[in-house]
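Encoded as structure tokens, the structure appears first; notes follow it.
Quick note on labels: first sequence line is chain A, next is B, and so on, each numbered from 1.
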Number of protein chains: 2
Amino acid sequence: MKKKDNNSDDFQVCPIDYGFKRIGGKYKARILWYLKKDTVLRYGELSRALPDITTKMLTQTLKELENDKLVHREMFYQVPPRVDYSLTCTGEELIPFIDHVREWSLREMEKEKDLLAVGSR
Amino acid sequence: MKKKDNNSDDFQVCPIDYGFKRIGGKYKARILWYLKKDTVLRYGELSRALPDITTKMLTQTLKELENDKLVHREMFYQVPPRVDYSLTCTGEELIPFIDHVREWSLREMEKEKDLLAVGSR
DNA sequence: CCGTATCCGAGAGGATACTG
DNA sequence: CAGTATCCTCTCGGATACGG
């Protein structure tokens with residue numbers, strides 16, 4: 001198997017890979033989704049929206065999303081500090097597709113539940 | 001942070017997480033995509049379609065997709081052996097959404113290229 | 001309130017050789 | 001042709017403690 005030699009970037013990047021790298025990762029899609037629902041969320045609100053995330057991962061993921069221009073970050077220099085997060089236009093373009101997965105998943109989870117119910121009686 | 005205790009499954013599973021687990025992984029989306037394009041592909045054809053995948057990963061990923069009922073596997077007992085892979089109905093439901101990411105990625109990659117071109121002149 | 005800084009373990013994925 | 005079987009590396013993410 002040919003390994004990509006990194007001193008030449010003339011190899012083709014698959015767009016599917018590219019996309020999944022930008023929204024993959026354990027929490028990225030969920031964060032984007034919560035942001036679309038409420039438009040603007042503070043750090044603490046996001047933290048409460050995703051109860052299973054650690055501060056490390058939340059900070060890190062938000063930073064990645066910001067560098068990727070998918071979320072916008074606004075700091076207010078106050079005491080106590082305040083930081084707002086919201087979607088960029090590019091980030092919003094991803095919402096319909098996250099919605100699609102979500103709907104699909106809900107249907108699939110229903111199917112699983114039904115199957116389980118039938119099996120146990 | 002509360003850790004999920006695995007002896008009780010009364011905790012809520014987020015549908016977004018659920019979905020991304022089923023189509024996440026380095027090659028799953030790409031494999032589904034190639035299957036939609038050509039409808040039926042043999043193991044070797046898939047291998048050639050994804051030049052960067054090793055046999056180990058291809059076999060493993062296909063097995064996962066099969067267990068998840070996203071792809072269908074058909075063996076022909078011949079010499080030399082032949083195995084066909086195709087999408088299930090559930091798998092097909094994911095294609096529009098993979099398409100969406102792909103289109104988005106193509107646009108984004110264009111934007112990056114333009115940016116680079118401007119920067120270097 | 002909004003993070004940083006370390007340390008660490010599990011598992012995803014890679015390289016390589018072999019088989020019915 | 002269509003996979004198995006090992007071994008190994010390396011990144012992702014969890015736990016925990018501390019800082020402006």
For [X] and [Y], test the side chains for any donor-to-acceptor distance below 3.5 angstrom and give the result as yes or no.
X: B/Tyr43; Y: B/Thr55; value: no
X: B/Trp33; Y: B/Asp99; value: no
X: B/Tyr18; Y: B/Arg22; value: yes

Could you tell me whether [X] and [Y] have a side-chain N and a carboxylate O separated by less than 4.0 Å?
X: B/Lys21; Y: B/Asp68; result: no
X: B/Glu74; Y: B/Arg82; result: no
X: B/Glu45; Y: B/Arg42; result: no
X: B/Asp17; Y: A/Arg102; result: no
X: B/Glu66; Y: B/Lys63; result: no
X: A/Glu64; Y: A/Lys28; result: yes

Output the rounded distance in Å from [atom1] ([X]) to [atom2] ([N]).
X: B/Leu50; N: C/dG13; atom1: CG; atom2: C1'; result: 15 Å
X: A/Lys56; N: D/dG19; atom1: NZ; atom2: P; result: 19 Å
X: A/Glu45; N: C/dC1; atom1: CD; atom2: P; result: 11 Å
X: B/Met57; N: C/dT16; atom1: CE; atom2: P; result: 17 Å
X: A/Tyr43; N: D/dG20; atom1: OH; atom2: P; result: 17 Å
X: A/Leu58; N: D/dG13; atom1: CG; atom2: C1'; result: 13 Å
X: A/Leu41; N: C/dC2; atom1: CG; atom2: C1'; result: 15 Å
X: A/Asp52; N: D/dG14; atom1: CG; atom2: P; result: 8 Å

- Message: I need the residues from residues 14-31 of chain B with at least one non-hydrogen atom less than 4.0 Å from DNA chain D; give them sorted by number, or say none.
- Response: none
- Message: Among C/dG14, D/dT4, C/dT4, which nucleotide has an atom closest to any side-chain atom of A/Thr59?
- Response: C/dT4
- Message: Based on the rotation axes of five pairs at each end, what angle does the helix from C/dC1-D/dG20 to C/dG20-D/dC1 bend through, to 10°?
- Response: 60°
- Query: Counting only distance, no hydrogens or angles, is the base of D/dT4 paired donor-acceptor with the side chain of B/Thr55 under 3.5 Å?
  - Reply: yes
- Message: Would you say B/Lys63 places a side-chain N or O within less than 4.0 Å of OP1 or OP2 belonging to D/dA2?
- Response: no
- Task: Indicate whether OP1 or OP2 belonging to C/dC1 is found under 4.0 Å from a side-chain N or O atom of A/Arg42.
- Result: no
- Task: Check each residue of residues 65-87 of chain A for a non-hydrogen atom within less than 4.0 Å of any atom in DNA chain C, then write out the ones that pass by number, or none.
- Result: A/Arg73, A/Pro80, A/Pro81, A/Arg82, A/Val83, A/Tyr85
- Would you say the side chain of B/Val83 lies within less than 4.5 Å of the side chain of B/Arg73, judging by non-hydrogen atoms? yes
- Task: May I ask you to test the B/Trp104-A/Thr90 pair for a side-chain heavy-atom distance under 4.5 Å?
- Result: yes
- Name the residue closer to the 5' end of DNA chain C, choosing between A/Arg48 and B/Gln60 according to the nucleotide with the nearest heavy atom. A/Arg48
- Query: What class does the angle between the rings of B/Phe20 and A/Phe97 fall in, given that below 30° is parallel, 30 to 60° is tilted and above 60° is perpendicular?
  - Reply: perpendicular
